[in-house]
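Notes to accompany the following structure.
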Amino acid sequence: MTEVPRLSALYNPEELCSALSDYGCCVVEGAVGEGLMDAVANEMAPFVEDTPRGDTDFAGAGTRRTGLVIGRSPTFRSHLARNPVILTAGNHLLGYAPSWNLSFAHYFELFPGEADQLLHRDTWKYGAPPFPNEVDLNALWAVTDFTEENGATYVVPRSHAWDDDRRPEPGEDVAAVMPKGSVLLYTGLLFHGGGANVGNDVRLAVNAQHTVGWLNQTERLLLEFPPHAVADWDDDLIRFIGYQLAGPALGHWRNAEDPFIAIEEYREAHT
Ligand SMILES: O=C(O)CCC(=O)C(=O)O
Ligand SMILES: [Fe+2]
């Protein structure tokens, strides 16, 4: 069994990048303060009651996934979405593409009694032939401690480099235990899955996934966030939800223009 590489909040960016390249995953312990995680939980609290629990084995009858965290949690927007950990890892892993951006950010509640999840690659969601390169970077922010008891995510270090038909054997996975405020980073090709929650407390997390600009986002973010909804956000954050070109001739708005111009025009018309 291989352990998950662990870095402290004072990590060396090169170490973070080589951990992702070599193991396909790493934990940055205490990447943000615990108070920020409490703020995210408080901001998401009004939205979770209407969220249905999972209706498949994979989604989990003991799990609620509440979407649109980028719009619903100001703390996620200001401190997590473009945290240096994310930018370092994303530029390293996905920077070969003309652009990369947020794909989704979901707030996960894993309730006591939830069973463990099938070990999987998140790239399976595309239903596409195997990709030659990594296309996704995942971040799982620990909004509460992640323990073996409450369902810490299981990862299979180095499995991102496996052939497409290889599957994990028992004992190849390891629990990414981490304290509140930490983040587990893993690539789209890494086998992983939520653990079983055999404790008494809910395991809380934000799962933010990032994708090269030439793939569909999981959340249709531009539908939820038209220019008037985001005009006062930071420019970089606005680009990060998809208001940017995705390739030399991809992701246009209107007459082959950069979609960020829609934001600029809105601002000009309303100041
Ligand atoms: O909740 C977790 O620990 C992982 C969930 C996951 O991998 C997924 O839903 O794709
Ligand atoms: Fe997953």
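Residues take their numbers from the sequence shown, with the count starting at 1. In what follows, every heavy atom counts, from backbone to side chain, and hydrogens, waters and symmetry copies are set aside. When a ligand or atom number is given, it counts from 1 through the structure's own listing order.
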Original post:
Is any protein N, O or S atom closer than 2.8 Å to the Fe ion (ligand 2), and if so, which?
Top reply: His120 NE2, Asp122 OD1, His192 NE2
**OP:** Count the heavy atoms belonging to other residues, nucleotides or ligands that lie under 6.0 Å from CG of Asn12, then report whether that count exceeds 12.
**Re:** yes
Original post:
Do the non-hydrogen side-chain atoms of Pro157 and His192 ever get within less than 4.5 Å of each other?
Top reply: no
Original post:
Honestly, is Arg239 close enough over Phe260, meaning NZ or CZ under 6.0 Å from the six-membered ring centre and within 45° of the axis?
Top reply: yes
Original post:
What do you reckon, is CZ of Phe108 surrounded by more than 12 foreign heavy atoms closer than 6.0 Å?
Top reply: yes
Original post:
Looking at Phe76 versus Trp141, is the centre-to-centre ring distance below 6.0 Å?
Top reply: no
**OP:** Please find out if less than 6.0 Å separates the ring center of Phe225 from that of Trp233.
**Re:** yes
**OP:** Heavy-atom cut-off of under 4.0 Å around ligand 1: list whichever protein residues fall inside it, by chain and number.
**Re:** Phe58, Arg65, Phe108, Gln117, His120, Asp122, Leu140, Thr153, His192, Gly194, Arg203
Original post:
Taking the six-membered ring for Trp, are Phe58 and His120 ring centroids under 6.0 Å apart?
Top reply: yes
Original post:
Is the gap between the ring centers of Tyr107 and Phe47 under 6.0 Å?
Top reply: no
Subject >> Side-chain heavy-atom pair Pro98, Trp214 within 4.5 angstrom cut-off >> reply: yes
